[in-house]
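What follows is one structure encoded as structure tokens, with my remarks underneath.
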Amino acid sequence: MDSAYNDHLPDLEKREWSEFYPFAEKNDPPDMPDALGRTVQLTMFVDASHATNLVTRQSRTGVLIYLNKAPIIWYSKKQNAIETSSFGSEFMALRTGVELLEGLVYKLQMMGVPIEGYCHTCVDNMSVVN
């Protein structure tokens, strides 16, 4: 377990999404304890391999979530739906990754762990993000 901070994160460009989601707000749990200790950085890598199963044409989702430099969640599973395009399978993978991330953030908040900023999400298909 490596608890050091990621040194590549300051080089990543921070995107501004407030124009796309003007009414979005942070929903902290009402009974959340005060955050104590050092802050942690979240980084998520998401990818999908489109139609890799040659028999059923199902895609596979892969998600890695790091807390600082330590891998906390690694997820790889066949997708339930059969997508006709790589966009669809990448979109389903990103949806799965966001759901896993929301659960992890909630757990960390309820344990009183301070989270630094936002989660750095890395994908290979920016049209899915946009």
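Side chains are part of it too, since the values below use all heavy atoms of this structure and drop only hydrogens, waters and symmetry mates. Being a predicted model, the structure only gives us computed values, none of them experimental.
Among residues two or more places apart in sequence or in another chain, the salt bridge (charged side-chain N to carboxylate O under 4.0 Å, His left out) test is passed with Glu116 by none. Residues satisfying the side-chain contact (heavy atoms from CB on, under 4.5 Å) criterion with Asp34, sequence neighbours excluded, are absent altogether. Partners of Thr61 according to the side chain to side chain donor-acceptor pair (under 3.5 Å) rule, which considers only residues two or more places apart in sequence or in another chain, are Gln79. Taking Leu104 as the reference, Leu42, Ile65, Ile72, Ile73, Leu108 meet the side-chain contact (heavy atoms from CB on, under 4.5 Å) condition, with sequence neighbours excluded.
The distance from atom CD of Gln109 to atom NZ of Lys107, rounded to the nearest 0.5 Å, is 13.0 Å.
The local environment of NZ in Lys69 is crowded, with over 12 non-hydrogen atoms from other residues, nucleotides or ligands closer than 6.0 Å.
Using a 4.5 Å heavy-atom threshold, the side chains of Tyr66 and His120 count as separate. You'll find the side chain of Glu90 reaches within 4.5 Å of the side chain of Asp47, heavy atoms only.
Asn68 places no side-chain N or O within donor-acceptor distance of the main-chain N or O of Tyr5, the cut-off being under 3.5 Å.
Between Gly112 and Pro33, the closest heavy-atom pair is N-CG, 4.0 Å.
Under a hydrophobic-cluster definition in which Ile, Leu, Val, Met, Phe, Trp and Tyr are linked whenever side-chain heavy atoms come within less than 4.5 Å, directly or via other members, Ile115 and Met110 are assigned to different clusters.
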All N/O donor-acceptor pairs, side-chain side in residues 92-102, below 3.5 Å, sequence neighbours left out:
residue	atom	partner	partner atom	Å
Arg95	NH1	Glu99	OE2	3.0
Thr96	OG1	Met92	O	3.0

